[in-house]
Amino acid sequence: MAIKRIAALTTGGDAPGMNPAIRSVVRYGINQGLEVMGVFRGWWGLINEELKALSHRSVSGIIGQGGTILKTARCTEFKTEEGQSRAYDTIKKYNIDGLVVIGGNGSFAAAHHFYGKYKIPCVGVSASIDNDINGIDYTIGTDTAINTALDAIDKIRDTATSMERIFVVEVMGRDSGFIALTVALAGGCEDVLIPEKEIDIEAVCHEIVHGNLVGKMSWIIVVAEGAGKAADIADKITEMTGLETRSVVLGHVQRGGRPTAVSRDIALNLGKAAVDCLIAGKTDIALGLAGGRIVEVDFETAIKKKELKIANFCNLIKTLT
Ligand code: F6P
């Protein structure tokens, strides 16, 4: 059956590049002869009938804006039978033939479940600063978030070196150490603590003390939010080494800002590809970039825990310290 009307939604944590993805879905979809609707606040908008038809003009001027014009939410109601059935009713009421879900692994888990139950064609566009979609190298937003964090770390380095201090910098990543590993390496940081690896503060302190003996006086230790609180780790380091330590939490700053060219290009390509997939009758898949090309990964695979090349990062960080 040929599809006529599709709907796009952004769900979960926003990622810089969601707006260019929306722009791509809307303009390419319309150019392919489809009607495109925008759903507000993710699954919540389907449950509560907050959606409207979008035109070429609806997405003018958003290509360089962070966040999402459709807004986003973490919707617990969609986890319930009632929430899902109300979302299905909205889809039927508005004659929506397919969904483009722009989000991360939580959004894809929900989309997979929903497709299994209601068989509404659904294609995911990988967008999350955490870069934690299995089978996909780079998601929309990752490059922007990493560059934001790196810019902050470069600045912290200036004061750390000048005042010969230890800094513990907390970056985002409740379950994923990708941002931490990447910025620790690119920022020339001395240590990195991530949720995927056992933390050994004693070893970190041992290195700091030995470094001090040979004249290395400033350190930046990056910690992913899921591996511990920067302030607690800084206190522990001071307690164990007697050295002055400062902590910085970069937090939601990493989620905002103008998407980089990389984040925009991925978004524009994936948005178009999602429309093509729905037209071709494909469903229950996530799209992302892997090996330099667009890949289709079934939702079931995409939501599995992504293995990071932790040893590669950590060895290089140590070798270059
Ligand atoms: O979107 C991913 C993420 O930014 C994680 O890195 C972080 O742990 C989480 O979202 C924070 O979520 P919230 O903004 O809901 O507190």
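Order of listing sets the numbers, starting from 1, for every ligand and every atom in it. Reckoned from all heavy atoms, side chains included, excluding hydrogens, waters and symmetry mates. All residue numbers refer to positions in the sequence shown, counting from 1.
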Where ligand 1 meets [X] - atom numbers and elements under 4.0 angstrom, heavy-atom basis:
X      : answer
Gly173 : 6 (O)
Asp130 : 2 (C), 3 (C), 5 (C), 6 (O)
Gly13  : 1 (O)

Check your understanding: Does a side-chain N-to-carboxylate-O contact under 4.0 Å join Asp132 and Lys306?
Key -> no
Exercise for review: Nearest 0.5 Å please: distance from the CG atom of Asn147 over to the OG1 atom of Thr182.
Suggested key: 10.5 Å
Any idea which protein heavy atom is nearest [atom], and the distance to it?
atom                    : answer
atom 7 (C) of ligand 1  : Glu225 OE1, 3.2 Å
atom 4 (O) of ligand 1  : Arg255 NH1, 2.8 Å
atom 15 (O) of ligand 1 : Arg74 NE, 2.8 Å

Practice item. Kindly assign one of parallel, tilted or perpendicular to the pair Phe114 and Trp43, based on the angle between their ring planes and the thresholds 30° and 60°. Key: tilted
Check your understanding: For Tyr115, which residues count as a side chain to side chain contact (heavy atoms under 4.5 Å, CB included) partner, sequence neighbours excluded?
Key -> Lys119, Thr283, Asp284
Study note, to complete from the structure: The answer for which part of His252 has a heavy atom under 4.0 Å from ligand 1 is side chain
Check your understanding: When you look for heavy atoms under 4.0 Å from ligand 1, do you find them on the side chain of Asp14, its backbone, both, or neither?
Key -> neither
Study note, to complete from the structure: Closest non-hydrogen atoms of Trp44 and Glu77, given as atom of the first, atom of the second and distance, are CD1-OE1, 4.4 Å
**Study point:** Common cluster, Val192/Phe313, ILVMFWY with side-chain heavy-atom separation under 4.5 Å
**Key:** yes
